[in-house]
Each structure stands twice: as C-alpha cells, then as structure tokens.
Protein chains: 2
Amino acid sequence: MAKARRVTSIDVAKEAGVSQTTVSYVLNNVPHQKISEETRQRIFAAVEKLGYTPSAAARTLRLGRSDIVLLLMPDLPLGSTAIELIEYLTAGLERHGLSVVTRIESGRTVATLWKDLAPAAVVSFAPVAKQHRADMRAAGTYVVNVWGDSDGEPNVMTRGQVRVGRMQIEHLVAQGHVRVGYAAPADARMRAFLDPRLEGVRQGCADHGLASPSVREVALDTEAAAAAARAWREEGVTAVCAFNDEVAIALLAGLRAAGLAAPADLAVIGVDDTPMARFAEPPLTTINQHMEAVAAELADTVLTGLERPDARRPAPPESATLVIRRSA
Amino acid sequence: MAKARRVTSIDVAKEAGVSQTTVSYVLNNVPHQKISEETRQRIFAAVEKLGYTPSAAARTLRLGRSDIVLLLMPDLPLGSTAIELIEYLTAGLERHGLSVVTRIESGRTVATLWKDLAPAAVVSFAPVAKQHRADMRAAGTYVVNVWGDSDGEPNVMTRGQVRVGRMQIEHLVAQGHVRVGYAAPADARMRAFLDPRLEGVRQGCADHGLASPSVREVALDTEAAAAAARAWREEGVTAVCAFNDEVAIALLAGLRAAGLAAPADLAVIGVDDTPMARFAEPPLTTINQHMEAVAAELADTVLTGLERPDARRPAPPESATLVIRRSA
DNA sequence: CCACCGTGCTGAATCGTATCAGCGGAGGGG
DNA sequence: CCCCTCCGCTGATACGATTCAGCACGGTGG
C-alpha cells in the first residue's frame, strides 16, 4: 500500500470547495473575518469526513511557538500527591488545547529541550537558573516559577504552603502543646517548599504566643533521626511538625530506636498523607493537600498568562484537610 | 530593541560563504556528499560565532518526525526507583541527540499528544491500546512496549523482573523457608510488573522443589493486610515475597496489628529498596534494582530500533542486588 | 583530442500552516 | 448614475529545514 499521505488543510479546502485560507480562518476562529455560517458548516463537515488533524510542526514553525506546556519536575520521588497534581494540571490545560509534558530535571539540559519544544509555557517545580528564565521570557515563553525566588515572579504555590504550615501548628496547639520543633529535610532541593511551610509554622506560633519552633534537620537515617528526637526532648519540645510524611516517618523510626513513643514522648505531624502514612508506627497524623484545587489555580495562572481569558474559573476555596491518626 | 530574529542556517551559510545546502550537508554528516575539510571548518566556525541552533519545528515539518522520545508512565506514584530510571534513560538518549519527555498517563489522550510531538519513539510503561500502538507504528514511530502483552513485541523489562522474583525466593530458601506466599498488589495497574515477578518466584520455587507460592492480594490497608497475614499463617506459610516495598510495608503493619512479628512469625521480603524501607518496623529486607543497567538496556533498544547503530554498548551484567535488613 | 567520471558544491522544490493584501459584488447615499 | 463601504472570500508568501537534480572543473583512459 502506498505510504498514506497526511490529510492537510488543502485537502479540506478542496473537499469543502473553498480556499485553504478560509479553512484556516474558520478553524482558528479568526476575529474580524466574516465567514458565512453555511461555509463554516461545510468546512467542519469536510474536517470530520477526512479526519483532518492540523500539523503541529507546521503550526509551530509558522507561529514560532507550540501548544505545549513544559512541566519541569525535580529529580525527586514523585509521591501520589505530585502525581495527582500533574494529572489534574494535564487535564485542566488539555481542555484548552494545551498539551502538558513533563521533564524530570537533573541538570542543565533544559535549554536544549526548551528549544526543541518551543513550548507556550514552562511551569517549573525545579530550580531553573535565572538566566534561563530570562532567555525563555525574552523568546516569548510564559514562565511560571513555582519555586519562589522572592524576585516577584508569579508564584501560585507559596500561599497554600504557608497555610499548610499553619494547619500543622493549629492541630498541635489544639492538643495543648506549647513548645514545638520543626523537622526539616536534609535534601537541599526541598528548600522551595520548606521555606513557605516553615514560615507558616512560625506565623502560627506567633499567633498563639508560642516561641518560634526549634528547627532541626532530620536526615533519612534512623540514627540521625533518633539523635534529633533526643535533642528535642532535652529542649523541652513535646511536638514536631515534619516537613512532609517522609521526614515524619523517619522521625518515628528514630523515636522507636531511641526508646521513645509518639505521641506521648514526642508528637509528630506530617504533610502529604502519603499512602505509607497509615502504616507508620504509630499511624501518622498529617495534612492532606487537595491537589485538584492547587492544579486548578496553577492551570488558571498559565491560561491567564497566555491570555486565554475565556478560561477563568474560581479556584475551590478549601485546599487542604487535617487527617488525624495517632502520632499527634 | 528589535525583536531578535532567529539565526538560521542561511545566516550561517552567508557567514561561511557557502550555500545553505552545504551547511545542511555538513551539519548532518550526510554520507556520499564530499565536502572539503576546509569548508567544514569554516562552517563550524560560523555556527559557533553566530550561536546557531537548528529549528526543531522546521526539521520536524520536513522530516515528519521529531527527535523526541515520549516516555509514557502510569499514573502511579513514581518512587525513587522509577525516577532514577527516567533520569538514566534521559541522559542515555540525550547523548545521541534524542530528547526525552514524560507523560503521566491517566486516560486515552495519548493520541493527541503523539500527533503534537511526532516523536521518533514512544517508550511505554503504561498500557496503550493495541490500536494506538498499531497507528503509531504505521506512522513510523518506533514503539517500545514495556508492558509485555505477550504479543511478541520488544520487551526489555520482563527478563529482569523475572530475575528479581527469583532473587526473592533464593534468599528465603537460604533462610530455610519451605512454604512461601506471594503478596500481590490490589491495584490492577501493576499487573504488567506483577506477572513477571510472580513468574520468577514460581520458577524459583520449582527449582528448589517447593510448592507453588500461595498468592494473596494485599490492599494498602492495615486490616486487610492483617487478615492476609493470619490466613498465610494458617496455611503454614512462613515467608512472603511481596510485590514491592509498598506492599511489604503494608504487610508489616498488618503483622503488628495481628500481634505477629517479622521475621519470626512471617518473614517478608520486598522489591525496590525504597527510601522508606529502612524505616519500616522491622527494617525491610528487599531487592535493589540497578536502574542504570536497566535504563542502559532500554536506551539501547530504542537506539537500535531507530537504527543508530553507532550507539550499541554492552549492558552491564548485574542489575539487582539483595539488601538484607531484618524482616527476612 | 574526446568521452567519461568523481569531487565539491549550488539551485530550487517541498513539508503544512498562518496571515497580509486585495478582489468582486451587493447595497446605500448623494 | 456613480462612488463608497462592507461582506465574504482568495492568492501568494513566509516560517527554516532537508534533499533531489545538476553544474563546473580537473584528471584519466582510449
């Protein structure tokens, strides 16, 4: 069989008995171009009949930018929370004709990929050099930097993360704790999320007249975690907000190793509600972030940035809930 | 400032004082086109001087296929094992001019994305409808289906997964166990990995003259896991191979809830060596897969499939090791 | 001396879309 | 009756690469 030729807009034009220009106008809803309703329908019918799909490559070549949104993720395990976020974001943007692809970022190969894809927007959960960001913006790519480099860039995540930190403290205060600690991850790549969450905890402490939390790094290592636990105990700390469930679980393991028990000796609260959280010993109290809401907000930011104003929808108000188990 | 125009191969041609055709020949190493060494150098110099980068869109339009490799992942948490695999694969293919992007697959929107990207190859860890695969192949995309649908498609992962299952059994046998169980995940999306691993366990049992393993589903729920543990005990099972660390950790939680202890009452061995494995109670014995080797094999498959024969390198022989902790 | 061939290079067509500039005809105002 | 405007549509070009066909030139064989 002959190598099937692609169906082009010219084929559609022939089928509908109009010019290729008209087909393009109709399919792109070009404003200020009056096309009769009858012609429109003929064209849509032809598209349907021939199974026409526009060539993304040709579009990209002509317009200088594709309909792709590049999502940059750090080279860290993506928990169910992150996966959920990606899925909702993908679905949300797909609805507006944008395709999301993800790149797990380990180094500085973004530039190459960016040139290859010519994406309409880049959403980055991974750190990107300021220079790169500037280059992309200069070339017309809309860049959403989820990492708040505090340089006044659009940043949708920060606010929610602060709130998560506050929620941790609210629960501990409600349980009567007065002297609290904060378990930070040893992995520096987490900084972008650490900062706002910790800030939320600090704010919460201030609001309730508590002293600022005693911050310690808790490495993913039982001995190190045990040492941290003992140190907190000596300071009189009775409860610890962990950066996330992973850190929290490590800390629980450390407690057991140190012959201590949660929540009696030290209460622990995590963030994420990982599938593993319920199997911890004791089962982990944690904060469950509603990724659908977060993703919606993120999608909104992108669409607005790309000036597709038809897209706005109010973000659901509640975006996190407390999951009480036994560790705090 | 004037909107910076793109540097094209025509600019390079002018700078080097040759035709654009020649530039293309040189940059693509077109065989059977003799270009003098001197001209080559002039062109490379011009490329360097002007900072020329070929337009991927134009290439794609002309060739009908891009230099992108689309990696399809299921919408499951990507543990550090998976992330590592992705990273190594990305790095390995990048070396040969291929850009890897990932799509977290939840539904059937692959087709759209595939058309948008016109990828050179698709590597799928997620199930893809047979029809889709056929379409892609018909259009010239090289498809690697890691899910072995047993329809004779290239499948690099299966063999290694079988080996992993065997390794689990080897350890248990060495510990003197005779009657073993297999803890399967409740999530059906894991089937593709479950089947070969379980097959490996079965083979191992046969080799050592043991009865076939007693297979039970272990949901990620403490009560369900406890029930499964009790059931195995009643059968006389003394050790269980878990599908992965996640299932293994759930099972350990179930054991504690049932008042049983690992490994005395029931030994448990996982797969993956998740970061959480060492914090389990008791710390989990597991199999650590060497993703670098797996990724290398996968990259090799893709490159061979795309007929870039320069790329072959022998895959490292060892690709998994046993990590002994305390649960088995 | 002519025919022929290989070397090193060039001209022009092509991929499929978006968009600028313009064209015929109908209708209205003077 | 003529001019002008607006509607609905079309022709032609550009985007930036690959590649087919072919050209000039110098050397070699007959």
Side-chain angles (χ1 to χ4, degrees), chain A residues 3-43 46-47 50-68 97 115-118 120 139-140, chain B residues 3-43 46-47 50-68 97 115-118 120 139-140:
Chain A
K3 202 167 175 249
R5 214 178 45 78
R6 199 181 214 297
V7 177
T8 75
S9 61
I10 296 188
D11 299 327
V12 173
K14 282 200 189 107
E15 174 75 23
V18 296
S19 76
Q20 185 259 346
T21 304
T22 306
V23 171
S24 176
Y25 283 157
V26 167
L27 296 185
N28 295 332
N29 264 319
V30 176
H32 304 304
Q33 287 291 345
K34 309 290 177 182
I35 309 283
S36 72
E37 190 53 31
E38 192 213 321
T39 306
R40 291 187 115 75
Q41 294 309 329
R42 274 216 317 284
I43 290 177
V47 165
L50 302 179
Y52 167 71
T53 333
S55 150
R59 265 184 92 94
T60 304
L61 175 58
R62 181 69 233 252
L63 298 180
R65 103 181 358 98
S66 69
D67 281 338
I68 289 178
K115 277 182 188 146
D116 274 11
L117 293 179
Chain B
K3 204 167 171 246
R5 213 178 45 77
R6 201 181 211 296
V7 177
T8 76
S9 62
I10 296 188
D11 300 326
V12 173
K14 281 200 189 109
E15 174 75 23
V18 296
S19 77
Q20 189 253 7
T21 304
T22 306
V23 172
S24 178
Y25 283 157
V26 168
L27 296 185
N28 295 332
N29 266 319
V30 175
H32 303 307
Q33 286 291 347
K34 309 290 178 183
I35 310 283
S36 73
E37 192 51 32
E38 193 214 320
T39 306
R40 291 187 115 76
Q41 293 311 327
R42 274 216 317 284
I43 290 177
V47 164
L50 302 180
Y52 167 70
T53 334
S55 150
R59 269 182 89 95
T60 304
L61 175 58
R62 182 67 234 250
L63 299 181
R65 103 182 359 98
S66 68
D67 281 338
I68 288 177
K115 276 181 188 149
D116 274 11
L117 293 179

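Just so you know, these numbers use all the heavy atoms, side chains as well, and skip hydrogens, waters and symmetry mates. Everything numeric in this text was worked out from a predicted model, so none of it was measured.
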Revision key, fill the gap. Quick tally for nucleotides 17-26 of chain C: nucleotides whose base has a protein heavy atom under 4.0 Å get B, sugar-phosphate-only ones S, the rest -, giving BBBBB-----
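Axis angle between the ends of the helix from C/dC1-D/dG30 to C/dG30-D/dC1, five pairs each and rounded to 10 degrees, works out to 60°.
Looking at heavy-atom distances under 4.0 Å, B/Leu61 makes contact with a base. Backbone-only contact: B/Thr39 has heavy atoms under 4.0 Å from sugar-phosphate atoms and none from a base.
Between A/Val30 and the options A/Val26, A/Leu27, A/Asn28, a side-chain contact (heavy atoms from CB on, under 4.5 Å) holds for only A/Asn28.
A straight line from CZ of A/Arg40 to P of D/dC7 spans 14 Å, rounded to a whole angstrom. Atom C1' of nucleotide D/dC9 and atom CZ of A/Arg42 are separated by 11 Å, given to the nearest angstrom. Summarising the geometry, the separation between NE2 on B/His32 and P on D/dC20 is reported as 12 Å, rounded to the nearest angstrom.
The CD atom of A/Glu15 lies 14.5 Å from the CD1 atom of A/Ile10; values are rounded to the nearest 0.5 Å. Interatomic distance, CG of B/Asp11 versus NZ of B/Lys14, reported as 6.0 Å (0.5 Å rounding).
Counting only distance, with no hydrogens or angles, the side chain of A/Ser9 and the backbone of A/Gln20 share no donor-acceptor pair below 3.5 Å. B/Ser66 places no side-chain N or O within 3.5 Å of a backbone atom of B/Thr60 that could act as its donor or acceptor partner.
Applying the 4.0 Å criterion to OP1 and OP2 of C/dT7, one finds that B/Ser36 has every side-chain N and O outside that range.
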